[in-house]
Structure formats: C-alpha cells, structure tokens
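Written out below as structure tokens is the structure these notes cover.
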Amino acid sequence: MKRHNDEDEKLARLLRRGSFQAQDNEWFTPRVMNRLPERAPKSHRWVGNVLYLAAIMVCAGCWCWLLMEGDYEVITVRDIVNFVILIVMSLALVFSTVWHIVHADSAGDL
Amino acid sequence: MLSKLEELRLISQCVLADDRRAFGKLVEAYQPRLRRFLLNLTMGDVMLTDDLAQETMVKAYLGIRSFRGIASFGTWLYRIAYNEFYSERRRRHEESLPDEPALEHPSTAEQDATEAQLTVRQAMQSLNDVERTAVTLFYIEGQPIKKIAAIMQRPEGSVKSSLHRAKEKMRKTINFENNYNFV
C-alpha cells in the first residue's frame, strides 16, 4: 500500500508527532554488552595450532636435510637458491607463528 | 545512521571474529529506532521497553550467524523485537498480569504530554496488538508493507487489512475530515 493520498501523509505526521519517543539512554549499550555470554573457546584455533606445528616440523626437517645431505665443498648456485628459499620460508613461518600466538592471547582464547 | 557498507562490515566482524566492539556499534546505531518501536507497542512502558530491547539485542548477537542479509539488519531486529514483545504478552496473559499501563493512572510522561499526544495515544490504545504493530511500523517507523509483512510474518494482504481496520478505529478519536484535528 503506497502512501498515495494526503490522508495517509497527514496521519503519519500526526502519529509521529503524538507517538511515544524514546529518551536517550547512555547506559543501554553498556547493559547489553554486559549481558552478552562469555566467549566460547574456538575449536578452529586448535586446527591452526596443529597446522603451525606441522609447518615448523617440516621446516626443521628441510633444514636438517639441507645441512646433512648437502655437499658443500663446491657451493653451487642451486645450493644458494635452496638456502635463500629456506631462510625466507623460515622467517615467514616465525613471524606468522608469533602473530598467531599474540593475536590468540589478545582474544584470550588460545 | 550506518551506511549499508559499514553495516555489512560490522556484521562480518561479529560473525567471523566475534568482534564485540563491532556489535556495540550496531547496538548504538539501532537502539533508538528499536526502543521507539517497542515503546509504542508497550504504550509507553519505559522499563518493559528497555528490557525487551536488551533481550532483542542479546538474541540478535546470539543468532547473528543465522542473519543471511536478505532483509536489512534493521528489519531483522524489528522481527526479533516483535517476537519478544509477543512472547512477553503471552507470558503476562498466562500469569494474568496487567498488559500495559492504564491511562487512568497517568505517568509523569502522560502528565507532560500535550493534548495532541494524549489523543494519539488514546487512538493507539483503541487498537489491538496486531493493528498497533502495523500502524507503528507503517506510519511511525515508515516501513513499507513488504517489510512489515516480513517482520510480522503475515501476508501483505493481512497487513493492509490491519491498517485499514486501525484507521477505521482511529477515526473515532481523530477527526479525519477536518484536517486531522482531534474530536
């Protein structure tokens, strides 16, 4: 139903003027926030923790393989490339693990 | 008032990261409209209105993952509030408690009200709950019929009938012919 006639427009104006108006209540939002339930522990956090642990173990395994199996009497370009890739991956893993731990601590749900 | 984009961003933060600060912003943005809607349904019962509005917000928080974004967030809140209001009415009816403050014992708000406000409130008092809800949403909150039907979970034709009946009842209190003066 469209408010196509003056009658409806006038009635709307009148009702808005005469209707109850909610007074500002600065405590309303804090009260609602206090009534929210406690945060539940997130199960997907554990998935993240396991994946990070697996990535760290794989990275450590790669370092062991590179250091134990490599023949470094003659250093080739390929050896340098392998080291650079592994260093970059290790640094990325360290930073993302630290971020993951700090972020989880701030949310209080690790 | 939040833009649609800002609203979606805040809802996403609530859903994905349980961000309570984002939910607080949504509460802050929607609480004036929601409380005005409930205040008119409860005929000026401020304490009941605040209780129902708080309950509505808590339920919205708990069910925000079920919000699909088909309707606007405001419409969704109105619907929860409407359901809360009706649950409360049913509870009061079962416990035989008075439904709403009687006009014979006017509150401070009633004493301070102008003649126009008192007449409008008397007109609203003559309506049943369904008619009052439809009138509040259509004339006071400015919601279209389609949204009102979604909020009240009724067919659009039923909402139109309720509005028509409500207008007929309000004619007895409000003089429709003489430029909406009061009888």
Side-chain angles (χ1 to χ4, degrees), chain A residues 1-52 55 92 95-110, chain B residues 17-18 20-21 23-25 27-28 31-46 49-50 53-58 60-62 109 113-121 123-124 135-136 138-142 144-145 156 159-160 163-164 167 170 174 176 179-182:
Chain A
M1 185 165 71
K2 280 177 134 182
R3 239 180 254 127
H4 55 276
N5 55 35
D6 284 351
E7 196 174 87
D8 273 346
E9 282 296 339
K10 284 177 184 173
L11 182 58
R13 272 203 298 275
L14 184 73
L15 288 174
R16 273 198 289 269
R17 192 153 53 91
S19 64
F20 292 97
Q21 297 296 322
Q23 302 295 313
D24 287 344
N25 183 350
E26 60 181 305
W27 295 105
F28 183 83
T29 304
R31 279 186 190 138
V32 170
M33 301 312 284
N34 282 338
R35 284 187 57 185
L36 298 184
E38 293 289 316
R39 280 191 173 92
K42 292 176 188 169
S43 55
H44 64 79
R45 271 276 155 215
W46 290 104
V47 177
N49 293 345
V50 169
L51 287 176
Y52 272 103
F95 281 120
S96 62
T97 306
V98 168
W99 184 88
H100 178 73
I101 291 166
V102 169
H103 186 71
D105 278 349
S106 67
D109 54 5
L110 182 64
Chain B
D18 189 15
R20 296 191 173 201
R21 199 174 298 174
F23 186 72
K25 284 182 185 171
V27 172
E28 201 59 36
Q31 58 111 339
R33 282 166 60 185
L34 191 71
R35 284 171 56 237
R36 183 180 59 201
F37 169 59
L38 286 165
L39 196 60
N40 282 290
L41 293 193
T42 60
M43 291 303 294
D45 189 334
V46 178
T49 293
D50 276 0
Q54 281 181 35
E55 198 59 38
T56 299
M57 290 300 190
V58 171
Y61 172 80
L62 294 173
T114 62
E115 191 185 347
Q117 286 170 326
L118 286 175
T119 310
V120 167
R121 288 168 196 181
M124 293 286 274
V135 165
T136 302
F138 188 68
Y139 289 110
I140 299 170
E141 299 299 322
I145 295 288
E156 289 185 29
V159 174
K160 287 178 187 172
L163 283 171
H164 182 73
K167 259 171 84 173
M170 286 194 290
I174 302 170
F176 275 52
N179 202 24
Y180 284 79
N181 291 326
F182 304 105

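Order of the sequence lines sets the chain letters (A, B, ...), proteins ahead of strands, with each chain counted from 1.
With sequence neighbours excluded, the residues forming a side-chain hydrogen bond (donor to acceptor under 3.5 Å, both in side chains) with B/Q54 are A/R35, listed by chain and number. Take A/R13 and apply the salt bridge (charged side-chain N to carboxylate O under 4.0 Å, His left out) test, not counting sequence neighbours, and it matches no residue.
Interface summary for chain A: among B/L62, B/N40, B/V27, the most heavy-atom pairs under 4.5 angstrom belong to B/N40.
Both the backbone and the side chain of B/A53 come within contact range of chain A, each with at least one heavy atom under 4.5 Å from a heavy atom of that chain. Residue B/E55 touches chain A through both its backbone and its side chain, counting heavy-atom pairs closer than 4.5 Å. For chain B, no part of A/P30 is nearby; none of its heavy atoms comes within less than 4.5 Å.
With B/Y139 as the aromatic partner, A/R16 does not meet the cation-pi criteria of under 6.0 angstrom to the ring centre and within 45 degrees of the ring axis.
Residues B/D50 and A/R31 are not paired through a salt bridge, judged by the lack of any N-O separation under 4.0 Å between the basic side chain and the carboxylate.
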